[in-house]
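Keep in mind the model is a prediction, meaning the values are calculated, not measured.
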Amino acid sequence: MASEHTSGELLSGEQYLSFMLDEEEYGVDILRVQEVRGWTPVTRLPASPSYIKGVLNLRGAIVPVVDLRERFGFPTLPYGPTTVVVVVRAMQEDQERVIGLVVDAVAETYHISADQIRPVPRLDTAIRPDFIAGLATVNERMIVMLDLDHLLSADELALDDVTTEDE
């Protein structure tokens with residue numbers, strides 16, 4: 001069951017899974033994480049954006065897989081032994097969708113309270129500001145907290161008809 005939130009707010013959970021991407025640490029609400037899987041090849045979809053690596057069959061559900069390096073405009077790297085797919089749930093137009101995120105490696109699980117999360121300053125960066133829910137500092141490390149609902153919008157994924165499959 002996903003908690004509801006409005007744009008710019010984090011979910012009520014205070015535990016976050018962090019992962020590495022281009023030598024930076026990013027975090028998502030652990031209540032949105034369904035599972036973490038090692039990288040395995042996926043089925044490519046024709047005419048999809050380059051950051052959509054394809055789809056995988058996850059216990060009967062067809063799940064789009066997004067390479068966050070490419071999504072954020074970072075240089076691509078070959079997938080290695082630490083490359084994983086973090087399977088998350090995102091709310092899009094009042095519908096929950098399951099999506100896989102390819103990341104460089106899983107980092108940590110943190111307890112982060114709402115008062116530890118600061119708004120993002122307006123900067124000219126490769127990552128759109130609506131993808132970021134806030135910044136948290138934990139043990140002298142800055143963690144970029146992602147807003148999954150904006151990061152993975154149905155329009156940008158262009159996968160309205162292939163995100164779920166009936167038995």
Colleague: Got a sec, which residues hit salt bridge (charged side-chain N to carboxylate O under 4.0 Å, His left out) with E35, two or more places apart in sequence or on another chain?
Modeller: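 Per chain and number, E35 pairs via salt bridge (charged side-chain N to carboxylate O under 4.0 Å, His left out) with R37, R59.
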
Colleague: The criterion is side chain to side chain donor-acceptor pair (under 3.5 Å); which residues satisfy it with E108, sequence neighbours excluded?
Modeller: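 Side chain to side chain donor-acceptor pair (under 3.5 Å) list for E108, sorted by chain: empty.
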
Colleague: Can you confirm whether or not the ring centre of Y26 sits under 6.0 Å from the ring centre of F131?
Modeller: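 Ring centroids of Y26 and F131 are no less than 6.0 Å from each other.
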
Colleague: Could you tell me if the side chain of L135 sits less than 4.5 Å from the side chain of V144, heavy atoms only?
Modeller: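 Yes - at least one pair of side-chain heavy atoms lies under 4.5 Å apart.
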
Colleague: Any idea which heavy atoms bring V65 and W39 closest together, and the distance?
Modeller: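 The pair with the smallest heavy-atom distance is CG1-CZ3, 4.1 Å.
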
Colleague: Scan for side-chain hydrogen bond (donor to acceptor under 3.5 Å, both in side chains) pairs involving residues 74-87, sequence neighbours excluded, and state none if there are none.
Modeller: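 Passing the test, one end in residues 74-87: D67-Y79.
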
Colleague: With a 4.5 Å heavy-atom cut-off, do Y16 and V138 have their side chains touching?
Modeller: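 In short, these two side chains do not touch, never coming nearer than 4.5 Å.
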
Colleague: Under the side chain to side chain contact (heavy atoms under 4.5 Å, CB included) test, which residues partner T109, sequence neighbours left out?
Modeller: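 So T109 forms a side chain to side chain contact (heavy atoms under 4.5 Å, CB included) with Q15, L17, I30.
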
Colleague: State, with a plain yes or no, whether a side-chain heavy atom of V87 is found less than 4.5 Å away from one of V33.
Modeller: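 Answer no - side chains too far apart.
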
Colleague: Measure the OG1-CZ distance between T137 and R118 for me, rounded to the nearest 0.5 Å.
Modeller: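 It is 8.0 Å, given to the nearest 0.5 Å.
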
Colleague: Does D115 have any side chain to side chain donor-acceptor pair (under 3.5 Å) partners at least two apart in sequence or in another chain, and if so, which?
Modeller: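 Partners of D115 under the side chain to side chain donor-acceptor pair (under 3.5 Å) test: S113.
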
Colleague: Mind listing the closest non-hydrogen atom pair of V42 and K53 along with its distance?
Modeller: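 Looking at all heavy atoms of both residues, the shortest contact is CG2-O, 3.2 Å.
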
Colleague: To the nearest 0.5 angstrom, please state how far the OG1 atom of T43 sits from the CD1 atom of I62.
Modeller: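 The distance works out to 8.0 Å.
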
Colleague: Looking at I117 and G134, what are the two nearest heavy atoms and their distance?
Modeller: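 Minimum heavy-atom separation between I117 and G134: CG2-CA, 3.9 Å.
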
Colleague: May I have all residue pairs that pass salt bridge (Lys or Arg N to Asp or Glu O under 4.0 Å) and include part of residues 132-142, sequence neighbours excluded?
Modeller: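 Residue pairs with at least one partner in residues 132-142: E25-R141.
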
Colleague: What's the separation between atom CG in D29 and atom CG in D147, rounded to the nearest 0.5 Å?
Modeller: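 One finds 11.0 Å between CG of D29 and CG of D147.
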
Colleague: Return the set of residues passing side chain to side chain contact (heavy atoms under 4.5 Å, CB included) with L77 (not counting sequence neighbours), or none when no residue passes.
Modeller: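 Once residues adjacent in sequence are excluded, the partners of L77 under the side chain to side chain contact (heavy atoms under 4.5 Å, CB included) criterion are R69.
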
Colleague: Starting at CZ of R32, measure out to CG of D149 and round the result to the nearest 0.5 Å.
Modeller: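 Between R32 CZ and D149 CG, I get 4.0 Å after rounding to 0.5 Å.
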
Colleague: What are the two closest heavy atoms between D22 and D104, and how far apart are they?
Modeller: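 Smallest heavy-atom distance, with atoms named: N-OD2, 2.9 Å.
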
Colleague: For residues 83-121, pull every pair meeting ring-ring contact (aromatic ring centres under 6.0 Å, His included), keeping only residues two or more places apart or in separate chains.
Modeller: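 Residue pairs passing ring-ring contact (aromatic ring centres under 6.0 Å, His included), neighbours aside: none found.
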
Colleague: Given side chains that start at C-beta, do those of V86 and L68 come closer than 4.5 Å, heavy atoms only?
Modeller: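 Side-chain contact under 4.5 Å: no.
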
Colleague: Is there a path of hydrophobic side-chain contacts, each under 4.5 Å between heavy atoms, that joins V36 and M20?
Modeller: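 No: no chain of side-chain contacts under 4.5 Å links V36 to M20.
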
Colleague: Taking only residues two or more places apart in sequence or in another chain, which ones pass salt bridge (charged side-chain N to carboxylate O under 4.0 Å, His left out) with R44?
Modeller: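 Counting only residues at least two positions away or on another chain, R44 forms no salt bridge (charged side-chain N to carboxylate O under 4.0 Å, His left out).
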
Colleague: Honestly curious: do F74 and L101 fall in one hydrophobic cluster under the side-chain, below-4.5 Å linking rule?
Modeller: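 Yes, same cluster.
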
Colleague: Return the minimal non-hydrogen interatomic distance between V55 and P64, and the atom names on each side.
Modeller: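 Closest approach of V55 to P64, heavy atoms only: CG1-CA, 3.9 Å.
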
